[in-house]
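For reference, the structure is listed below as structure tokens.
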2 protein chains.
Amino acid sequence: MTVGGTNGERRAPATLHDVAREAGVSLATASRSLNGSTRKVNEEYRQRVLAAAAKLDYSPNLSAQAVARGTSTTVALLVADIADPYFAQIAAGVVREADHEGLIVTMAATERDSERELELVRSLRGQRPRVMILAASRRADDPAATALAEELRAFEANGGRVAFIGATEAPHRSVALDNAAGAEALARALVQAGYRGFAALTGAEGLRTAEDRLGGFLAGLAASDLTIAPEHIVRPAFTRDGGYDGMRTLVELGIGEIDVVFAANDVMAVGAMSAIRDAGLVPGRDVAIAGFDDIPTARDVTPPLSTVRLPLEEVGRRALRLALDTIGPGDDLPVRAEVVLRASTPTRAR
Amino acid sequence: MTVGGTNGERRAPATLHDVAREAGVSLATASRSLNGSTRKVNEEYRQRVLAAAAKLDYSPNLSAQAVARGTSTTVALLVADIADPYFAQIAAGVVREADHEGLIVTMAATERDSERELELVRSLRGQRPRVMILAASRRADDPAATALAEELRAFEANGGRVAFIGATEAPHRSVALDNAAGAEALARALVQAGYRGFAALTGAEGLRTAEDRLGGFLAGLAASDLTIAPEHIVRPAFTRDGGYDGMRTLVELGIGEIDVVFAANDVMAVGAMSAIRDAGLVPGRDVAIAGFDDIPTARDVTPPLSTVRLPLEEVGRRALRLALDTIGPGDDLPVRAEVVLRASTPTRAR
DNA sequence: CTGTTAGCGCGTTCAC
DNA sequence: GTGAACGCGCTAACAG
């Protein structure tokens, strides 16, 4: 760790005023040359201003611009956990699209606490972001929900845009993920592959994403008159460790009748695979497992994880486009959730 | 995908002025009640202001505050790729610490392009962030380096703080990661475990982190009079796919004399493991493999990946503290890089 | 303790 | 085309 810092002379940043003076023009001319929308400035002056700006290391004060213009160039992104690959990929997409639009992304993490989420939205609102993207998981029974709704309503009433990812929250735009349909298709595919004994690892009760996926999966089973025994539906945390713990519970309960476990997301599935292995069993052979999301590591675990692919980066980009009304090609199509069968759910000879 | 938006009446956000009027007090009193540092406001007035603010859904305009105060509450974070678990974890740490300090994080991705990085720093500077944290990988031969240095110098001259993560860049503060020492310790541990035939997958030439790790690893081998044949040092991209491709190259070259591969980071190692497996070999048995970073999935691949643990979340937090001068307990200690031997490098009977 | 006023850095009418 | 002047929302002296 090195400590340094060239704080010899700490002169204030050059202002537009400084630049104008240096260039020998008026403030207005300087402003027009550097940012002005409809260019109508003498080329010679323009050059003088540009030179002065360069010489003074001028950098326009975005806050001041925002105040003067009455509109910022910021988009606020709310996720549950940045380190979770699901959110990290979404964030990457949002940042990329924002960069494309010349916008700046500010990021906050709810850490899966809806009180925190409310606080964050409240505080983020102070930035007057053009857009607020809420990717953090919604829950059905949320006590802070109405307060959040009120906060977002106020934000929108002031001209802000809101986009949700995943759950479709009443009056707001959202990139709907076809959680239910994807899970249903997965269930059908697994039945097709010969599986009959099912278990599920899903998030805490009320977590929308988890509920939708479980619901879809059950619907897919129901189509073949199959179901999951209540004791085989475990609801640990919606994380890697949750998956591990949940799978342990299942193993301890006895895995006799279970031949495949559906984890409501890939990080849980990955944790579950480790639990299976730690129990002395072989995932894919002794018990099959499937996840949801198709995070990058799904390919790299052993055996490779069957899952439902969501184009998460694209989802992030699309969320921003949706909020901004800058629709691109294909944006009207629903986000495809695609079943990807890999070796963690081998076809069963029956 | 749902489109909505309650843009019935788009009234401008309530201003402090509105609140003051509503509460029947002066602007100053309103300001003091809502944000003022040293509280010295009649409790009754205070309550009136708070009530008015609540009634009007008032949210202080951070941009205006920044302009008036001459200082923002923003920290800018630059990473190479948000979706990469290495950077995602660092980002999570920065965001958490920032939240702790009441600061807001804006995030940008260089996508490993130093031209882009320069552009981003330039543009981020417009936010007048309190701190700029550069986690994106440095390279030795960077043509944009001097321009970047100049930009950062200007930023610091204006009172901004800069913190690097990883490489120690000349006059700036930085959280030094003990890449060389960690890799050296790993090499020694592998020699100790009985390995003799080494190969390395490292990033593009000039990439500081990659060079440091490789250098350290070689130093560790040299201590036992061992080395790596030049043709066994492959330099693919510093990514998962780079690791995969690099390992394929190695396999095609013939893996006869190689009994362990050192990948310069875990995502590469994970890719390499898949390549090994796709070649019909078993990682850890036919060829051992070790990585660096200890990303979460290192535990969940098969066999679990030996690596050098870096407390990345903590690194992110510490970077911010370092820049802010809010040193915490243990912050004076160097970041420990700790060798973690797992089953991907079993002890070799010789 | 409260209110008035002058800025903060910039965009943008409005006359010239 | 250019410049002077006002306003954006807020903070911080400065007087009362």
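Note on naming: letters A, B, ... go to the chains in the order of the sequence lines (proteins, then strands), and numbering restarts at 1 for each one.
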Quick one: [X] [atom1] to [N] [atom2], roughly how many Å, whole number?
X	N	atom1	atom2	value
Asp18(B)	dC8(D)	CG	C1'	13 Å
Arg21(A)	dT2(D)	CZ	C1'	19 Å
Glu44(B)	dC1(C)	CD	P	14 Å
Leu56(B)	dG9(D)	CG	P	14 Å
Leu34(A)	dC10(C)	CG	C1'	11 Å
Arg32(A)	dG11(C)	CZ	P	11 Å
Gln127(A)	dG9(D)	CD	P	17 Å

Name the pairs: protein N/O against N/O of nucleotides 5-9 of chain C, kept only if under 3.5 Å.
from: dC8(C); atom 1: O2; to: Ala68(B); atom 2: N; distance (Å): 3.3

Below 4.0 Å: OP1/OP2 of dC10(D) and any side-chain N or O of Asn35(B):
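False: Asn35(B) side-chain N/O out of range (4.0 Å or more) of dC10(D) OP1/OP2.
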Choosing from dT11(D), dG11(C), dT4(C), which nucleotide comes nearest the side chain of Ser26(B)?
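Among the listed nucleotides, the one closest to the side chain of Ser26(B) is dT4(C).
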For the helix from dC1(C)-dG16(D) to dC16(C)-dG1(D), what angle lies between the axis at the first five pairs and the axis at the last five pairs, to 10 degrees?
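Terminal axis comparison yields 40°.
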Regarding Glu156(A) and Arg153(A), does a basic nitrogen lie under 4.0 Å from an acidic carboxylate oxygen?
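Looking at Glu156(A) and Arg153(A), the cut-off is not met.
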For the pair Arg112(B) and Glu117(B), find out whether any cationic side-chain nitrogen is under 4.0 Å from an anionic carboxylate oxygen.
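Here Arg112(B) does not pair with Glu117(B) in a salt bridge, since their nearest N and O are not under 4.0 Å apart.
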At under 4.0 Å between heavy atoms, what does Ser31(A) touch on the DNA or RNA strands: base, sugar-phosphate, or nothing?
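Base contact - Ser31(A) has a heavy atom under 4.0 Å of at least one base atom.
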Are the side chains of Leu78(B) and Val121(B) in contact, using a 4.5 Å heavy-atom criterion?
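Touching, per the 4.5 Å side-chain cut-off.
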How about Glu22(A) and Lys55(A): do any of their side-chain heavy atoms sit closer than 4.5 Å?
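Glu22(A) reaches Lys55(A) side chain to side chain.
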Which residues satisfy the side-chain hydrogen bond (donor to acceptor under 3.5 Å, both in side chains) test with Thr71(A), sequence neighbours excluded?
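Applying side-chain hydrogen bond (donor to acceptor under 3.5 Å, both in side chains) to Thr71(A) gives Arg130(A).
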State which residues pass ring-ring contact (aromatic ring centres under 6.0 Å, His included) with Phe164(A); sequence neighbours excluded, sorted by chain then number.
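Partners of Phe164(A) by the ring-ring contact (aromatic ring centres under 6.0 Å, His included) criterion, ordered by chain and then number, come out as His172(A).
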Residues in salt bridge (Lys or Arg N to Asp or Glu O under 4.0 Å) contact with Arg48(A), at least two apart in sequence or another chain
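Salt bridge (Lys or Arg N to Asp or Glu O under 4.0 Å) list for Arg48(A), sorted by chain: Glu44(A).
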Applying side-chain contact (heavy atoms from CB on, under 4.5 Å), can you list everything that pairs with Gln65(A), at least two apart in sequence or on another chain?
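With sequence neighbours excluded, Gln65(A) shows a side-chain contact (heavy atoms from CB on, under 4.5 Å) to Asn35(A), Pro60(A), Leu62(A), Arg69(A), given in chain and number order.
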Regarding Ser72(A) and Gln127(A), do their side chains bring together a donor and an acceptor under 3.5 Å, going by distance alone?
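Side-chain D/A pair, Ser72(A) to Gln127(A): absent.
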